[in-house]
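Below you'll find the structure I mean.
In this text, all values refer to a predicted model and were calculated from it rather than measured experimentally.
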Amino acid sequence: MDGTLARLKASLVGTSALLALACTAGGTSAVGATVVSSDPHANLPAELVLTGTVRDFKSRQDDGGHPDFQRRPDGGFGVYAYMVADELDADGKPVMASSGRRVSTPWRDSEGRPIMPPRPHLPLRDGDSAGSAGGSDGGALTTGENFSEWYRDIPGVNASRLQDITLRRQSGSNVYVFDDREDERFAGLGGFFPINGELFGDFNGTGKNFHFTYELETQFEYEANSGQVFKFIGDDDVWVYVDGKCVIDLGGVHAAAEQTINLDRLDWLRDGQTYTLKFFFAERHTTQSNFRIETTLQLRTFSSEVAVSMPFD
């Protein structure tokens, strides 16, 4: 009898060990028990690969250079608001609205996160903190015609190619991040420099190509009241549009700056519907190029010509 009890005890200990191991790894145990993963978002993709277009420009100091690149705004370096119109044009491109108002104090949401200065389609809410900006044009842009060339292929003015970025899911969360300081391709370059030595070439012996724009067109599915967010940290100009309306406004030539949009603030979105998110970036001046995206959106590359599927959760 004592031998039987000893064997039974050993069997139970072994089964417990197997269950513990399975719980640590997630999945199904050796004895058939279903085990819940310790990562509540393990069903999400590990990576989101987005394909955009990078366009290279010559500095305004160079022959045939563009007047907006390597330009110091008349009001000094800094973040400038209201440079672009509230909505994209018929081609899906941003339109110059002014030469910008320099932001001295950022607007913030109720959680203290920097947000876009208010616009008619996206006013402040209870709990937000008002910022401040200059009352006159700050000279961050030259003309609307020059600005219209930033995100269009214009022979002799710019040169372009496709460029991927990979957003990686952070361990145990549904947050996806692209960070030039962590990405294996860019970490050794000292910043977001996708076209060093390419297209029009590097600037003035620096070994880096500073004067370019980057455009992404993506889609996502809106989940109402889930706190979906999109955050950008970097320099220089960045504008983000959801369903054609501006939701992040970080214009100007400046050091790394940030804004966040909580999509539940966008009262025109409907639960379960698919929307476009368009991202417009410009690196306009030496000596840095910082680029970090953080988002809980399940983004997928999309364009009117080519759509690359990325499964939603």
Positive for ring pair (Phe, Tyr, Trp, His ring centres under 6.0 Å) with F281, one of F192, W150, Y151: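 So, applying the ring pair (Phe, Tyr, Trp, His ring centres under 6.0 Å) to F281 and each of F192, W150, Y151, only F192 qualifies.
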E258/R292 ion pair, N-O < 4.0 Å: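 Answer for the salt bridge query: no.
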Same apolar cluster (I L V M F W Y, side chains within < 4.5 Å links), L266/F220: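 Yes, one cluster joins them.
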Charged N-O contact under 4.0 Å between D128 and R108: no
Residue pair A257 / V79: nearest heavy atoms and the distance that separates them: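 Minimum heavy-atom contact is CB-CG2, 3.8 Å.
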Taking every non-hydrogen atom, the tightest pair across A81 and V103: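 Where A81 meets V103 most closely, the heavy atoms are CB-CG2, 3.8 Å.
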Y241 (side chain) donor-acceptor with I248 (main chain) under 3.5 angstrom: no
Derivation and outcome, salt bridge (Lys or Arg N to Asp or Glu O under 4.0 Å), residues R101 and D137: CA-CA 5 Å; R101 295 167 54 191; D137 283 357; over 6 Å; no
Interatomic spacing from CG in D179 to CD in E294 - rounded to 0.5 Å: 8.0 Å
For D235 against Q288, the heavy-atom pair lying closest together: OD2-O, 3.1 Å
Set of side chain to side chain donor-acceptor pair (under 3.5 Å) partners for D249, sequence neighbours left out: R119, W239
Same apolar cluster (I L V M F W Y, side chains within < 4.5 Å links), L277/V238: yes
Polar side-chain atom of T260 near backbone of K231 as donor-acceptor pair, under 3.5 Å: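 No, the answer is negative, given that no donor and acceptor are paired below the 3.5 Å cut-off.
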Side chain Q259, main chain P117, donor-acceptor under 3.5 Å: no
Short side-chain to backbone donor-acceptor contact, N158 and F57, under 3.5 Å: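 No, because the side chain of N158 does not come within donor-acceptor range (under 3.5 Å) of the backbone of F57.
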Distance, nearest 0.5 Å, that separates NZ of K93 from CD of E149: 13.0 Å
Hydrophobic cluster identity match, V54 and L216, side-chain contacts under 4.5 Å: yes
Distance-only polar pair, side chains of Y222 and D264, donor-acceptor under 3.5 Å: yes
F69 ring center near H285 ring center (under 6.0 Å): no
Sub-4.5 Å side-chain heavy-atom contact between K278 and E215: no
Residue pair R161 / Q163, side-chain donor-acceptor N/O under 3.5 Å: yes
Row check, F200 ring normal vs K58 NZ/CZ: under 6.0 Å, within 45°: yes
Heavy-atom closest pair, residues S148 and E145: OG-O, 2.6 Å
R102 (side chain) donor-acceptor with A140 (main chain) under 3.5 angstrom: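 Such a contact is absent between R102 side chain and A140 backbone.
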Polar contact flag, side-chain donor to acceptor under 3.5 angstrom, T53-S160: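 No, no side-chain donor-acceptor pair sits under 3.5 Å.
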All side-chain contact (heavy atoms from CB on, under 4.5 Å) counterparts of T206, not counting sequence neighbours: F203, K208, F210
CG on L50 to CG on D164, rounded to 0.5 Å: 8.5 Å
Donor-acceptor contact below 3.5 Å, side chain S99 vs main chain G139: yes
Note: R270-D267 ion pair, threshold 4.0 Å (strictly below):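 Salt bridge: no.
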Straight-line distance of C246 SG to M83 CE, nearest 0.5 Å: 11.0 Å
Reported CD-to-OG1 distance for the pair E217 and T51, which is rounded to 0.5 angstrom: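 Nearest 0.5 Å value for the CD-OG1 distance: 12.0 Å.
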Under 3.5 Å donor-acceptor, R168 side chain and F178 backbone: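 No, the answer is negative, given that no donor and acceptor are paired below the 3.5 Å cut-off.
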R152 with D91: basic N within carboxylate O range, under 4.0 Å: yes
Pair R284 + D237: basic N to acidic O under 4.0 Å: yes
Between N209 and D56: side-chain donor-acceptor atoms closer than 3.5 Å: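 Indeed, the side chains of N209 and D56 share at least one donor-acceptor pair under 3.5 Å.
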Polar contact flag, side-chain donor to acceptor under 3.5 angstrom, T296-N174: no
Heavy-atom pair of closest approach, residues N146 and T142: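 Closest heavy-atom pair between N146 and T142: ND2-OG1, 2.8 Å.
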Nearest-0.5 Å distance that lies between atom CD in E223 and atom CD in Q298: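 Nearest 0.5 Å value for the CD-CD distance: 8.0 Å.
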Single-linkage hydrophobic cluster V175~V240, side-chain heavy atoms < 4.5 angstrom: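 No; tracing contacts between hydrophobic side chains, which count when under 4.5 Å, never links both residues.
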Note: R113-D109 ion pair, threshold 4.0 Å (strictly below): yes
H211 and Q70: side chain donor to acceptor below 3.5 Å: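 Side-chain D/A pair, H211 to Q70: present.
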G92 backbone acceptor or donor facing D89 side chain under 3.5 Å: yes
Output field: ring centroids F291/F232 closer than 6.0 Å: yes
Closest heavy-atom pair and its distance - A224, D271: N-OD1, 2.9 Å
Within residues 81-112 or reaching into it, pairs that qualify as ring-ring contact (aromatic ring centres under 6.0 Å, His included) - sequence neighbours excluded: none
F193 and F212 aromatic centres sub-6.0 Å: no
I261 with W268, same ILVMFWY side-chain cluster at under 4.5 Å: yes
